[in-house]
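Because only heavy atoms are used, hydrogens play no part in the values below, and waters and symmetry mates are left out as well, while side chains stay in. Labels below follow one simple rule: chain letters A, B, ... track the order of the sequence lines, proteins then strands, and each chain is numbered from 1.
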Amino acid sequence: MSRDINLMMVGSGGTGKTTYLLAMYAVMSNAVKGYTFSAQSMDDDLLLAHLWEELLEQGKWPPPTEQSRSWAFDFNRALKKIKGFNWFDYRGGLLHEPELADPAAKKQFYEKIKESDCVMLCVGGDKLAQYVDKKIPPKGLREFNYLMTHFHKERQATVPVAVVITKADQCRGDRLERGFDKLREQLLSSLFVEGAGWLVMFCPVSLGMRLQSGERPPCLGRIRPHNVHLPVTFAVYFQLEAELRAAARRLVELAGEQDDVQKKVDDLDGRFWSSIFRQEEIASGRERLEALQQVTHLTQEEARQLEQDMHSIRDELIGAKTQIYFDGRRMQLHTE
Amino acid sequence: MKLLMLGQSGVGKTSYVASMYGALQTPVDGFSLLAARLEDDRRLLALHQDLKRGRYPSQTQLREKYQFHLRYRGQPVLGFDWTDYRGDALMESSEDSPEAGELQRDILSSEIVMAFFDSQTLCRRLPRRSVIRRMSLLICRALQQMNARTIPLILVLSKADRIHCLSELDLACLDGLFAAANANRSVCGFCIPVACGRHAYNVGIPALAALHLGLLRRMETVQRRIRAMTAERDRLARKVESPVQWLQDQIASWLDGVPTYGELARREHSRVMREIALFRRLHKPLLALRWHLTCHPGVKMFGGGFA
């Protein structure tokens, strides 16, 4: 299996990053349509479950994150691991702090962004609603744009971006659609420039449609998570797609190398003197061919498995209330 | 083989082991069980007698590890280790509890998982979600590391004598686990209601189901060995196919003082025949177990491996 992917959620304090993590894990560790997430550490599983239970049974919202840390999860289907992913939950407020305030933490933060395979931007639904109604832009987007520009410069490549609208219950229906449009046309427009190659998804998530507005509303008996599995599903799906493309390129290279080696072997074997005096070279060529065939077979198996996994995940993304854009244009995922 | 029992405190794991052991002292369709250690045999039989009188054991304070032998018509068929954990270890972190640490390590090396759920709690539709979720995670973790054609999973619904009957709705909290298992082509699962104590029933079935699947896995291993040995035998035999090769082989063997390829091929062939004999010995009890299990009412089979 290929390497684990790195996911990072970026957003201002109070946008619900840690709460989102708890909700996502709580919902997905109980299985959604045969898919589950499981913490790679069984102790981390207990800790996340405990924090979620405190929210569910006592109405106790998680405190602001004081210490940055990484969590490691597996994304599974039918009890089989499809992909591992690492999630970096950083200290609240770090996004807005100057570098001098905590240089080590800031450095770690930038390193983690650089290593990310998908970045999730957290925008509070309440703040998005304010932006739509009163034109007050949500905090943190200017810093996010800076980070993505910096990222692009360092890696000379783009990365999938999921714009996660947390507390989407506070910005619904037509307002949500207008919020997406405004983010696309104004505050996040650099991610929608044609030819820039950014893949972006807008995804509303919520802990419950019956929650009151405000930062930490009373929530006992009102928690009903919605769409919380989709951002990670999106990240995993497009990572699998990238791996499938890489596997296809490798197969073409292998086919080319096999042809070259076969030609050399046929050439040596076809000539009278070389077939007698260069037996070792011929045997070595045949061994190389066998090795290449084995690698080709394994790569084909890998590609088949990737396609199968993508197919099953794609069905989940289709029909979900998300918007996906590539290179500035809206894209649709279709069943085959 | 390593069998791991999972279940929260008070669900009836220890009562089950004792009841199961007592019930399988008398052969059931030719199958019986024997503890490797005499002290375990005595202790379990004493507990079994207590259970028949309605006296239940106190909660397990320490991890207990048993070694059993499954016998078919008096002949040993399969040896296995059976670990009984303190139920609270399920919800403890490895930093706070060494036993939780051992449980987590055993999960990653077990070959059969037997998970216990309390029928009364399921029936009231108020199972502790946290426990169901944690059990599902641990089961998932155990099954993920099993890299085999057959992945066994036994779900035991304990204390089934205390309820009228269990419907599909009562099992709704396990839907996620069933869905995942049904989608996995390697998982072969049994869901079995069980009662220990005065009105015991089905006590032998979970153990026999587990051992059936364990036997199946053992046979898969033997089958793989037969294939590998046959391939090796054939490879050696090809080296002396022609008279010229045979002669060269004889001369080289005489000069170097090593066996000929022909001799090595013959030895490999003997190993193949011994493995085939073992395979045949395991096949009859496997069929007998399967017949016994499929004929038993109340046993639900699930998992893509049966599809």
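Residue contact with chain A, scored on non-hydrogen atoms closer than 4.5 Å, is absent for B:Leu153. No part of A:Asp44 comes within reach of chain B, as not one of its non-hydrogen atoms sits under 4.5 angstrom from that chain. Using a 4.5 Å cut-off between heavy atoms, B:Ile107 contacts chain A through its side chain alone, with no backbone atom that close.
B:Gln104 and A:Asp43 share a side-chain donor-acceptor pair at under 3.5 Å.
Looking at residues two or more places apart in sequence or on another chain, you find no salt bridge (charged side-chain N to carboxylate O under 4.0 Å, His left out) involving B:Glu111. Remark: A:Arg250 engages A:Glu302 in a salt bridge (charged side-chain N to carboxylate O under 4.0 Å, His left out) (not counting sequence neighbours).
Applying ring-ring contact (aromatic ring centres under 6.0 Å, His included) to A:Tyr25 and the options A:Trp71, A:Phe37, A:Phe73 leaves one that passes, A:Phe73.
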